[in-house]
Amino acid sequence: KNEVEQSPQNLTAQEGEFITINCSYSVGISALHWLQQHPGGGIVSLFMLSSGKKKHGRLIATINIQEKHSSLHITASHPRDSAVYICAVNGNQFYFGTGTSLTVIP
Amino acid sequence: NAGVTQTPKFQVLKTGQSMTLQCAQDMNHNSMYWYRQDPGMGLRLIYYSASEGTTDKGEVPNGYNVSRLNKREFSLRLESAAPSQTSVYFCASSETGRVNEQFFGPGTRLTVL
């Protein structure tokens, strides 16, 4: 069973396109996290949110607690955005999605 | 600040060998975690330490032991490595508990032959 489901699994976009990655979860949570894993393997936290919307540069994260759904949007995508994006939630433990692999082509 | 550091970055073991993965953080965080990442699967929690002096099992603890040596350091030991333990291992830390943002180390790629 997967407490956190992400879609799509893989995504290829042209530079400049608007990108959306979706995350659905099935457990009660206190917070949801979006992580970025670079091709070299390092993982960095992009957002932590428990309601509403957060924006950082070209990245926007939203969450709908009632629908147990979150989206990560990237505006004006760039090849340097190519990475794996991981959704994770704080339930009674930490649950991770399997990630969305994004490739942005120049 | 170095953040979260892990050693080694790469390791190859033979079945049955033992080794310890080291992790240290310089952010004065209370909580530390060990995860493994396998292809097609999300990160899975092996062990965590909510605070200095305490450790608890995560989702996949079998075959591993941990030591929270002090507030900075949290090590993961494989007593008798098995091929099923071939994986990428990540250490992470957070201020307190899992509600806070986690900061990840660079990972250790382990191969067990």
Side-chain angles (χ1 to χ4, degrees), chain A residues 1-11 21-51 54 56 59 61 63 65 70 72 83-102, chain B residues 1-11 21 23 25 27 29-50 55-61 86-111:
Chain A
K1 61 174 169 52
N2 293 322
E3 289 81 3
V4 180
E5 298 278 0
Q6 289 184 236
S7 64
Q9 283 190 308
N10 297 285
L11 182 56
I21 299 170
N22 295 299
C23 174
S24 295
Y25 54 92
S26 59
V27 295
I29 70 168
S30 52
L32 181 142
H33 304 252
W34 281 102
L35 311 172
Q36 181 190 55
Q37 186 167 24
H38 300 292
I43 300 173
V44 296
S45 177
L46 298 174
F47 294 103
M48 182 177 74
L49 63 165
S50 54
S51 65
K54 286 190 176 181
H56 184 259
L59 301 178
I63 187 169
I65 296 294
S70 175
L72 176 68
V84 175
Y85 292 84
I86 301 170
C87 175
V89 300
N90 289 116
N92 59 346
Q93 65 180 66
F94 227 96
Y95 299 99
F96 293 85
T98 55
T100 295
S101 179
L102 171 65
Chain B
N1 287 350
V4 180
T5 57
Q6 289 182 237
T7 56
K9 289 191 176 180
F10 301 94
Q11 184 71 49
L21 281 66
C23 174
Q25 51 90 11
M27 296 173 282
H29 285 169
N30 287 304
S31 301
M32 298 185 74
Y33 314 84
W34 275 106
Y35 296 97
R36 59 178 289 172
Q37 186 179 43
D38 301 295
M41 305 185 74
L43 288 156
R44 292 183 292 170
L45 183 65
I46 304 170
Y47 271 93
Y48 68 97
S49 171
T55 60
D56 286 287
K57 295 179 180 179
E59 182 183 354
V60 288
T86 294
S87 188
V88 181
Y89 292 84
F90 287 95
C91 177
S93 71
S94 66
E95 285 190 14
T96 52
R98 305 191 194 93
V99 179
N100 298 103
E101 179 183 2
Q102 292 196 3
F103 295 81
F104 288 83
T108 295
R109 187 173 295 274
L110 174 67
T111 302

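Just so it is clear, the values below take in all heavy atoms, side chains as well, and ignore hydrogens, waters and symmetry mates. Here is the naming used below: chain letters follow the sequence lines, and residue numbers restart at 1 for every chain.
- Neither the backbone nor the side chain of B:F103 has a heavy atom closer than 4.5 Å to any heavy atom of chain A.
- For A:I86, the part lying near chain B is the side chain, with the backbone staying farther off; criterion is any non-hydrogen pair under 4.5 Å.
- Counting only heavy atoms from C-beta outward, the side chains of B:V4 and B:F104 never approach each other to under 4.5 Å.
- Neither the backbone nor the side chain of A:I29 comes within contact range of chain B, judged by heavy atoms closer than 4.5 Å.
- No side-chain donor-acceptor contact under 3.5 Å links A:S26 and A:E3.
- Proximity of the aromatic rings of B:Y35 and A:F96 is defined here by a centroid distance below 6.0 angstrom, and this criterion is met.
- A donor-acceptor pair shorter than 3.5 Å can be found between the side chains of B:S94 and B:Y33.
- Contact tally against chain A (heavy-atom pairs below 4.5 Å) for B:Q37, B:R44, B:E59: the top residue is B:Q37.
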